[in-house]
Amino acid sequence: MAGGFGGAEVVHERAQHYEHRITWYFIFTCIIAALGGSLFGYDLGVSGGVTSMDDFLKEFFPKIYRRKQLHLNETDYCKYDNQILTLFTSSLYFAGLISTFGASYVTRSKGRKASIIVGSISFFLGAVLNASAQNILMLILGRIFLGVGIGFGNQAVPLYLSEMAPAKIRGAINQLFQLTTCLGILIANLINYFTEKIHPWGWRLSLGLAAVPAILMFVGGLFLPETPNSLVEQGRLEEGRRILEKVRGTTKVDAEFADLVDASTAARAIKHPFRNLLTRKNRPQLVIGALGIPAFQQLTGMNSILFYAPVIFQSLGFGSGASLYSSIFTSGALVIAALISMRWVDKFGRRAFFLEAGTEMICCLVALAITLALKFGQGEVLPKGIGIFLVIVLCVFVLAYGRSWGPLGWLVPSELFPLETRSAGQSIVVCVNLLFTALIAQCFLASLCHLRYGIFLLFAGLIVIMSSFIFFLLPETKQVPIEEIYLLFQKHWYWKGIVGDGEQVEPNGKSGAVV
């Protein structure tokens, strides 16, 4: 496919000599590291359920509670239109956005493991504050600590998994992060379903149980090894080789270790990694990995459904218990989709999953919008059959997202950056992702109120744009060694005119590429 939209066949230099075996040590490290996704997932699932619970609303948002009771069984897009309520959700992501720059420094200078541990401690503190909250200020403060935890975890975990994984199974291993995220969402929805029946403190239990994955991640993190890439980057070469041999299950790691040392030499020559991201040779990574994919992942509308699934179902006429039950179906579909993606992404590739699933998502959103347009009306009760149809459509949408933009939104950016800009690049990824997550969280309920069914048509139009972005600009990265990804852009029909021959860093530390 040289010069084509899908990228190019890459000449693997040392990669053909890479060797590995799957060992129990490797499996242990990846599973423990992937627990970081459960923090993100649990919060995604629990926040929407808690904000639909009557006991929570009566204590902190009595006006919304009274409005909800007036339209409990009716279609009303504006039941939950309250900016303070949405700030409860979005404050976490604004905090994560800011903290990711500190996480970048820790991840690069102290290692991926250090960021994972810091993230678990901050998330634990946030869970305790939220569970014991006596006022809105305590709620928001707790959300800020949770956000810092997610900022550090989302910065470090995808990098850790990509660097630990052999190239041939990097897609599946990296998607452990998405799998644990989805499991966190499902568990949170199950917990919400049962705690909603515990009056008046069930919501405190839902929020407080976020401490459990934080504790597991902290304890597990103490036993994690640092990645060979990070150890070599820190100049700890002997230790880096020892860990590489251990996770690869063989002493025949000369070729891969030589690539790590070469990449580390280039990395140490870069004194300002954020500035280096702006050079022409890193333009594809900046546009695709740092800006495009993390922003588009949120503009699919999926996180709006995850945040507010119970709220959406109630707004569409479902009762409180029924809405939480319906959200369990959607989060269950997300877990199934993650397993499908893990199984097949290294066979069919990233682009195929993006494009095929994108088509399904567009169809689902259009069907959802048309259904609501035909049945919309203030005070109109949705028929049971229509309600079931809406749940099915949302589940199909979730299945499509869960095997494409969900996992690949983290996998692909973590593959693209060279070592010298990897921690800085991942910081931009997390920053952009959390910025759009926060904006969607803050604006979705108001948009649902004012645009009504049109909000879903808006998301469908955005998916058309982002699918075109993938089709034209993203080369296929499956099974390409992470240190040789840059070769793809030198052959790509569009990017080769920008990056040229991909001139690398000169010995004096200055990039030979023209900005």
Side-chain angles (χ1 to χ4, degrees), residues 39 42-72 76-96 122-150 185 188-189 191-211 214 303-304 306-315 318-324 327 437-449:
L39 307 185
Y42 188 87
D43 184 79
L44 283 172
V46 81
S47 56
V50 165
T51 53
S52 73
M53 293 182 185
D54 289 346
D55 292 324
F56 177 82
L57 293 175
K58 280 190 285 188
E59 184 158 349
F60 296 103
F61 303 96
K63 289 183 179 180
I64 298 178
Y65 173 74
R66 289 192 293 270
R67 186 195 307 164
K68 172 184 171 182
Q69 296 308 305
L70 292 174
H71 300 280
L72 183 61
D76 183 357
Y77 289 105
C78 299
K79 284 180 188 176
Y80 294 87
D81 182 19
N82 181 286
Q83 290 300 296
I84 301 299
L85 178 62
T86 52
L87 183 62
F88 167 74
T89 299
S90 63
S91 57
L92 178 148
Y93 302 101
F94 284 119
S122 182
F123 199 87
F124 174 82
L125 294 174
V128 172
L129 273 173
N130 271 181
S132 59
Q134 300 300 314
N135 50 56
I136 291 178
L137 180 61
M138 285 186 69
L139 278 178
I140 300 301
L141 185 60
R143 298 292 289 175
I144 290 173
F145 274 101
L146 291 172
V148 172
I150 285 178
I185 295 168
N189 281 317
I191 289 173
N192 282 340
Y193 180 73
F194 290 105
T195 58
E196 193 264 343
K197 306 177 190 302
I198 303 174
H199 304 289
W201 51 271
W203 63 270
R204 292 188 185 276
L205 183 58
S206 286
L207 294 177
L209 285 174
N303 271 3
S304 301
L306 293 180
F307 290 149
Y308 301 116
V311 171
I312 291 172
F313 286 126
Q314 282 195 16
S315 297
F318 291 74
S320 178
S323 69
L324 290 170
S327 66
T437 302
L439 292 175
I440 292 292
Q442 189 66 29
C443 299
F444 177 74
L445 290 179
S447 300
L448 182 66
C449 177

For F60, is the CZ atom crowded, meaning more than 12 foreign heavy atoms sit under 6.0 Å from it?
yes
What's the spacing between L92 CG and T437 OG1 if we round to 0.5 Å?
9.5 Å
Around atom CZ of F124, are there more than 12 heavy atoms of other residues, nucleotides or ligands at under 6.0 Å?
no
As a quick check of understanding, evaluate side-chain contact (heavy atoms from CB on, under 4.5 Å) for H199 and D54, giving each step before the final call.
CA-CA 9 Å; H199 304 289; D54 289 346; over 6 Å; no
Given side-chain contact (heavy atoms from CB on, under 4.5 Å), test I136 with F61 step by step and report yes or no.
CA-CA 9 Å; I136 291 178; F61 303 96; 4.2 Å; yes
In this structure, CG of L39 is separated from CZ of F123 (nearest 0.5 Å) by 5.0 Å
Quick one: does M138's side chain get under 4.5 Å of L141's, heavy atoms only?
no
Note, S206 side chain near M53 side chain (heavy atom, < 4.5 Å)
yes
Aromatic rings W203 and F56: how do their planes relate, parallel, tilted or perpendicular, breaks at 30° and 60°?
perpendicular
Heavy-atom side-chain proximity of F194 to L205 below 4.5 angstrom:
no
Residue pair G208 / A131: nearest heavy atoms and the distance that separates them:
CA-CB, 3.5 Å
Sequence neighbours excluded - side-chain hydrogen bond (donor to acceptor under 3.5 Å, both in side chains) pairs with any residue from residues 123-147
D43-R143
Rounded to the nearest 0.5 angstrom, the CG-CG distance for L137 and L129 is 10.0 Å
Give, for atom CD1 of I144 and atom OH of Y93, the distance between the pair rounded to the nearest 0.5 Å.
14.0 Å
Heavy-atom pair with the smallest gap, counting every atom of G45 and N192
O-ND2, 3.4 Å
Step-by-step side-chain contact (heavy atoms from CB on, under 4.5 Å) determination, L209 to Y42:
CA-CA 9 Å; L209 285 174; Y42 188 87; 3.3 Å; yes
List for me each residue that meets side-chain hydrogen bond (donor to acceptor under 3.5 Å, both in side chains) alongside S122, sequence neighbours excluded, and say none if there are none.
none
